[in-house]
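What follows is one structure encoded as structure tokens, with my remarks underneath.
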Amino acid sequence: MDVESSKATAMKPESPKKHKRRNVCLGVTAAAILVIFLILLILGLTVFKPKQTTTTVDSTSISDLKVSLDIARLSVHVNLSLDVNLSIKNPNKVSAKYKNSSASLNYRGQVVGEVPIPAGKISADTTQPMNVTLTLLADRLLTDSQFFSDAMAGAIPFNTLTKISGKVSIFNLFKVHFTSTTSCDLVVFVSNRTTGDQKCKYKTKL
């Protein structure tokens with residue numbers, strides 16, 4: 001009898017008060033989680049709404065320029081280094097991270113110089129300066145007749161292209177990827193070792 005009595009006690013159903021109390025606790029917990037999620041969602045779509053991270057070119061200058069014309073062979077040797085000062089603006093309320101990127105120097109559609117941009121981080125609502133030096137790989141243009149003509153004319157057209165990709169993470173719930181591209185056309189004047197006629201186009205894709 002004692003064994004049967006123990007089994008009956010162990011299988012005794014939960015009291016209505018305890019059952020109700022447990023349901024209330026579960027309901028309150030679920031409601032709290034839902035409220036927190038809604039608050040984060042509202043903040044993510046308003047105050048912390050992702051904004052475009054932009055890259056702009058502040059200035060471009062020549063740090064080194066040497067030109068040697070070989071008229072007999074219709075070839076030209078050019079050593080050129082351009083210092084490009086950039087600004088990366090992060091208008092978001094959280095920091096932005098960008099991965100390994102690059103900047104390139106182009107001559108009439110041909111890549112003639114490239115430099116890597118190491119991965120980094122931009123603090124919230126700040127503008128970060130950056131400097132890159134683009135060096136012309138002269139051997140790529142030794143036998144280019146158009147390059148020879150431009151050098152003879154004293155004005156060589158170039159293009160600098162900077163492309164930075166990264167992401168903005170909000171509360172580790174929302175991750176927005178971005179790619180900021182800056183393309184600048186400019187002319188290098190051989191006689192006075194200056195740049196001019198610079199025109200830039202900026203584009204950011206989220």
Side-chain angles (χ1 to χ4, degrees), residues 51-91 96-122 126-167 177-206:
K51 299 176 183 177
Q52 292 185 344
T53 299
T54 57
T55 304
T56 57
V57 174
D58 299 320
S59 64
T60 303
S61 59
I62 296 175
S63 59
D64 182 51
L65 176 61
K66 295 178 182 178
V67 179
S68 176
L69 294 172
D70 188 341
I71 298 178
R73 298 182 180 181
L74 296 179
S75 64
V76 57
H77 298 267
V78 176
N79 291 324
L80 170 66
S81 292
L82 290 176
D83 285 336
V84 182
N85 293 311
L86 307 167
S87 293
I88 307 176
K89 183 179 180 180
N90 175 26
K97 295 181 179 180
Y98 58 91
K99 59 186 180 180
N100 290 331
S101 304
S102 64
S104 63
L105 178 67
N106 307 286
Y107 171 76
R108 298 189 181 278
Q110 179 184 352
V111 177
V112 293
E114 192 168 14
V115 62
I117 298 176
K121 182 179 180 180
I122 312 169
T126 59
T127 299
Q128 178 175 306
M130 179 183 295
N131 175 268
V132 297
T133 299
L134 290 165
T135 300
L136 171 66
L137 301 177
D139 58 326
R140 299 188 182 184
L141 297 171
L142 281 175
T143 59
D144 191 309
S145 59
Q146 183 62 60
F147 187 67
F148 177 80
S149 298
D150 289 335
M152 285 288 291
I156 309 174
F158 286 102
N159 167 271
T160 61
L161 179 66
T162 305
K163 190 174 183 180
I164 297 177
S165 300
K167 67 180 179 180
H177 295 264
F178 68 85
T179 299
S180 180
T181 304
T182 301
S183 177
C184 294
D185 294 324
L186 56 94
V187 176
V188 170
F189 296 106
V190 177
S191 59
N192 56 9
R193 298 165 55 90
T194 61
T195 63
D197 300 336
Q198 180 167 287
K199 297 178 181 179
C200 297
K201 295 180 181 179
Y202 306 106
K203 181 180 179 182
T204 300
K205 182 180 180 181
L206 293 176

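Just so it is clear, the structure is predicted and the values come from calculations on it, not from any experiment. FYI, the numbering just counts along the sequence from 1.
- Between Tyr202 atom OH and Gln52 atom CD the span is 14.5 Å, to the nearest 0.5 Å.
- Nearest approach of Val187 to Ala155, heavy atoms of both residues: CG1-CB, 3.7 Å.
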Go through the steps for Ser102 and Ile117 under the test side chain to side chain contact (heavy atoms under 4.5 Å, CB included), then give the verdict.
CA-CA 5 Å; Ser102 64; Ile117 298 176; 5.6 Å; no

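- What you find for Lys121 and Gln128 is that their closest heavy atoms are O-OE1, 3.1 Å.
- Closest approach of Cys184 to Val57, counting heavy atoms only: SG-CG2, 3.6 Å.
- In this structure, Ala103 and Leu134 approach most closely via the heavy-atom pair O-CD2, 3.5 Å.
- A heavy-atom distance below 4.5 Å is found between the side chains of Thr195 and Leu82.
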Begin from the C-alpha positions of Phe148 and Asp70 and carry the test side chain to side chain contact (heavy atoms under 4.5 Å, CB included) through to its verdict.
CA-CA 9 Å; Phe148 177 80; Asp70 188 341; over 6 Å; no

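- No donor-acceptor distance shorter than 3.5 angstrom exists from the side chain of Arg193 to the backbone of Ile62, with no hydrogens or angles considered.
- Remark: Arg108 engages Asp150 in a salt bridge, criterion side-chain N to carboxylate O under 4.0 Å.
- Checked by atom type, the side-chain pair Thr182/Thr162 shows no donor-acceptor distance below 3.5 Å.
- Side-chain N/O atoms of Asn159 and Ser183 include a donor and acceptor closer than 3.5 Å.
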Under the side chain to side chain contact (heavy atoms under 4.5 Å, CB included) rule, what do Asn79 and Asp64 come out as? Steps first, then yes or no, please.
CA-CA 7 Å; Asn79 291 324; Asp64 182 51; 4.1 Å; yes

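- Annotation: side chain of Asn131 is not in contact with side chain of Val84 (no heavy-atom distance under 4.5 Å).
- The CZ atom of Phe189 lies 4.5 Å from the CG atom of Asp197; values are rounded to the nearest 0.5 Å.
- Using a 4.5 Å heavy-atom threshold, the side chains of Tyr107 and Gln146 count as touching.
- Between the OG1 atom of Thr127 and the CG atom of Asn90 there is a distance of 8.5 Å, given to the nearest 0.5 Å.
- Between Lys51 and Pro91, the closest heavy-atom pair is CB-CG, 3.7 Å.
- By the 4.5 Å heavy-atom criterion applied to side chains, Thr53 and Ser180 are not counted as neighbours.
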Apply side chain to side chain donor-acceptor pair (under 3.5 Å) to Thr179 and Ser165, showing your working.
CA-CA 4 Å; Thr179 299; Ser165 300; 3.2 Å; yes

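- Side-chain contact between Val115 and Thr133 is absent, with no heavy atoms from C-beta onward closer than 4.5 Å.
- Side-chain contact, Asp58 with Asn85: no donor N or O sits under 3.5 Å from an acceptor N or O.
- The structure places CE of Met152 at 13.0 Å from CZ of Phe147, a figure rounded to the nearest 0.5 Å.
- Taken from CD in Gln110 to CG in Leu105, the straight-line distance is 10.5 Å, to the nearest 0.5 Å.
- One side chain, Gln198 or Thr60, offers a donor N or O that lies under 3.5 Å from an acceptor on the other.
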Side chain to side chain contact (heavy atoms under 4.5 Å, CB included) evaluation trace for Thr135 with Leu80
CA-CA 6 Å; Thr135 300; Leu80 170 66; over 6 Å; no

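- Between the side chain of Ser75 and the backbone N or O of Ile71 there is no donor-acceptor pair closer than 3.5 Å.
- A distance of 13.5 Å separates CG in Leu136 from NZ in Lys66, rounded to the nearest 0.5 Å.
- Asn106 contributes no side-chain N or O that, together with a main-chain N or O of Gly109, makes up a donor-acceptor pair within less than 3.5 Å.
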